[in-house]
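Quick caveat, the model's predicted, so the values are computed rather than measured. The basis for the numbers below is simple: all heavy atoms, side chains too, and nothing from hydrogens, waters or symmetry mates.
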Amino acid sequence: MPLDPGSLLTEPTTSKSSRSLALVVLAAGRGKRLKSSTPKVLHPLCGRPILWHVLQAGLAAKPQKVVVVLGHGAHEVEAAVRSWKLSPGPLFVEQPRQLGTGDAVAVTRSKVGRVDDVLVMGGDYDPVTGADVRALVASHRRSRAAATIAATKLDEPGGYGRVRRKGGRLVEIVEDADGDPDVEAIREVSIMVFAFRRRDLFRALPRLDRRNRQREYYLNRVIPILLGDGEKVTVVQVDTGGVMGPNSRGDLAAVQRVLRGRINARHLDNGVTLIDPATTYIDIDVSIGPDTVIHPMTFLEGSTHVGAACSVGPSARLVDTHVGDRSEVSFAVLLDARLGSGVTAGPFVRMREGVVLADGARAGAFVDMKNAIVGPGSKVPHLSYVGDAEIGADVNIGAGNITANYDGYTKHRTIVEDGARTGSDTIMVAPVRVGRGAITGAGSVISKDVPPGALAVERGEQRVIEGYRERKDAEHRARSKTRSKARSKER
């Protein structure tokens, strides 16, 4: 049987599953339209930088190598990526001059090495999922194509490259509709997610030119080169929610809406009730247990965890906070707080770093807490400030209490032992200890330790002045009468 000349351009007979893959992420862009000193790829998106989302989607394809191309803000971007502790550990290469996406891929050649396939993704996150990327790579290997591109449908394709194809086979990418009604009717556009045979990619890159308005080497111009060589290029359509990567603040908001919708859908599927998903804002790393109800205008941010059968909101913001099962949080701001099971927080409560509420504790309304531990079953019901304090079990803190923790130089700690009860408007001047089962009288300033079981009262003796109100009213009437006569004489 004669040798097929075309076979000389195909990959060796390697099984689809054993083909090696390098992920190349292009993170060198400046993002001028964002008008920001922060590198474009580090702008936050549902609790994580844009670039983190790109890398997570790419890692779903299980690459053996990860190469990140740096440019604007290189040191800052590299430090951020290293902090994410990705596996495999990323390799970094800097693009010396910003000469376009084709040039950015070209500088990765030595880092990519001799893998079989190269997955290229833009660092500004056309919002594809990990499942989309896996499907793209699987299709690429199954079809034995030289390249496979991801495409999506947009209601308004604008200046994006239109995809003209027959079935799964690409005919061309049309960069400019230029008044051609056939091209303008196409709604399918190419996005910056490509899978290439490594050998074909690096053979084509030197043939790129800069004959365009930006005077840059465009990666997508590799596609017509491969097609012109008679190579097979296929297309996999993905759903980006009708948006593309963020080039402006408006774009960033649009991508965030898409991603937030996906996050909310995941929690709904896991048995969480969202009363109004449109006004519920949940970051990507948040976890929520089943049978929990999230009310409108709730923000769950950072690494927050909410347990099962909880109620959160309305109007609650939780950042890096842990909430145990069967707890209730409403009209609250909780920052790096730890709440046990069966806890009630709110309404109108603020908890800052270092706050721990044990099982069955309660705090609110209009309570501010910082660096304080509240024991099981204890209550800080309302109108109080509790800072740098340790409150034991089954304690009742009266209304309007203050732990005066700062002497102008140093923060001091207040300790209230198990079973104690403090009267309304008690001020505890730290460092001070209220003993087990002790009581403070309302309106007291407690500046000395209170022994267990004792009553501490600090206030002046009450005086009663009979007839005081009647005399004061008479004095007021006399002054008013005098002022009235004086005004009459002036006239």
Side-chain angles (χ1 to χ4, degrees), residues 24-58 68-81 94-105 107 120-128 149-163 173-178 184 187-194 210-221 238 240-262 281 283-284:
V24 172
V25 177
L26 311 183
R30 185 179 183 87
K32 295 178 183 177
R33 289 172 57 194
L34 287 172
K35 296 180 174 63
S36 173
S37 60
T38 300
K40 178 180 182 179
V41 297
L42 295 185
H43 275 260
L45 186 62
C46 291
R48 289 281 196 167
I50 291 171
L51 183 56
W52 182 91
H53 292 277
V54 176
L55 286 162
Q56 292 299 312
V68 180
V69 181
L70 305 174
H72 178 67
H75 296 299
E76 191 176 350
V77 174
E78 180 175 346
V81 175
E94 194 160 347
Q95 186 182 12
R97 294 183 298 164
Q98 307 296 294
L99 294 178
T101 51
D103 177 67
V105 175
V107 301
V120 180
M121 299 182 68
D124 54 359
Y125 193 50
D126 294 321
V128 297
I149 72 168
T152 192
K153 287 189 175 180
L154 300 177
D155 291 336
E156 297 181 7
Y160 292 106
R162 316 293 176 92
V163 174
I173 298 177
V174 185
E175 295 292 343
D176 189 353
D178 198 25
E184 289 181 346
R187 293 290 174 265
E188 189 175 26
V189 301
S190 171
I191 66 176
M192 186 55 74
V193 182
F194 300 90
R210 298 168 62 190
R211 291 196 294 269
N212 53 69
R213 263 186 304 183
Q214 300 297 324
R215 302 289 297 158
E216 294 180 348
Y217 298 104
Y218 291 148
L219 179 63
N220 55 12
R221 296 285 176 85
V238 300
T240 63
V243 301
M244 298 289 277
N247 291 312
S248 67
R249 302 283 181 160
D251 293 343
L252 189 61
V255 173
Q256 190 144 267
R257 280 194 297 273
V258 170
L259 188 55
R260 192 172 76 238
R262 292 174 181 171
Y281 305 84
D283 278 354
I284 189 76

Between Val255 and Ile50, is any pair of side-chain heavy atoms under 4.5 Å apart?
no
Could you tell me the separation between the CG atom of Asp124 and the NE2 atom of His53, rounded to the nearest 0.5 Å?
13.0 Å
Lys/Arg-Asp/Glu bridge criterion (N-O < 4.0 Å) met for Arg97, Asp103
no
Gap separating the CE atom of Met244 from the CG atom of Asp126, nearest 0.5 angstrom:
4.5 Å
Distance from Ile173 atom CD1 to Tyr160 atom OH, nearest 0.5 Å?
14.5 Å
Looking only at heavy atoms, what is the nearest atom pair of Arg249 and Ser36, with distance?
NH2-CB, 3.3 Å
Calculate, to the nearest 0.5 Å, the distance between atoms CG and CD belonging to Asp251 and Gln256 respectively.
12.5 Å
Nearest heavy-atom approach of Ser190 to Val163 is N-CG2, 3.5 Å
Less than 4.5 Å apart, side chain to side chain, heavy atoms only: is that true for Lys40 and Asn247?
yes
With rounding to the nearest 0.5 Å, note down the distance linking CZ in Arg187 to CD in Glu156.
8.5 Å
Side-chain heavy-atom pair Asn220, Phe194 within 4.5 angstrom cut-off
yes
Here the pair of heavy atoms bringing Arg211 nearest to Arg221 is O-NH1, 4.2 Å
Working to the nearest 0.5 Å, report the span between CG of Asp283 and CZ of Arg48.
9.5 Å
Between Met121 and Val128, is there a side-chain heavy-atom distance shorter than 4.5 Å?
yes
Of all heavy-atom pairs linking Val54 and Gly123, the shortest is CG2-O, 3.7 Å
Looking at every non-hydrogen atom in both residues, tell me the closest pair between Cys46 and Arg260 and how far apart they are.
SG-N, 4.0 Å
Are the side chains of Leu259 and Pro127 in touch, meaning some heavy atoms are under 4.5 Å apart?
no
Evaluate the side chain to side chain contact (heavy atoms under 4.5 Å, CB included) criterion for residues Thr240 and Val258: first the C-alpha distance (whole Å), next the side-chain angles of each, then the deciding distance (0.1 Å), finally the verdict.
CA-CA 8 Å; Thr240 63; Val258 170; over 6 Å; no
Is there a side-chain contact between Thr152 and Glu188 (heavy atoms, below 4.5 Å)?
no
Contact summary for Arg33 and Ser248, nearest pair of heavy atoms:
NH2-CB, 3.9 Å
Just wondering, do Val107 and Val69 contact through their side chains at under 4.5 Å, heavy atoms?
yes
Sidechain-backbone polar pair: Glu76 side chain, Thr38 backbone, donor-acceptor under 3.5 Å:
no
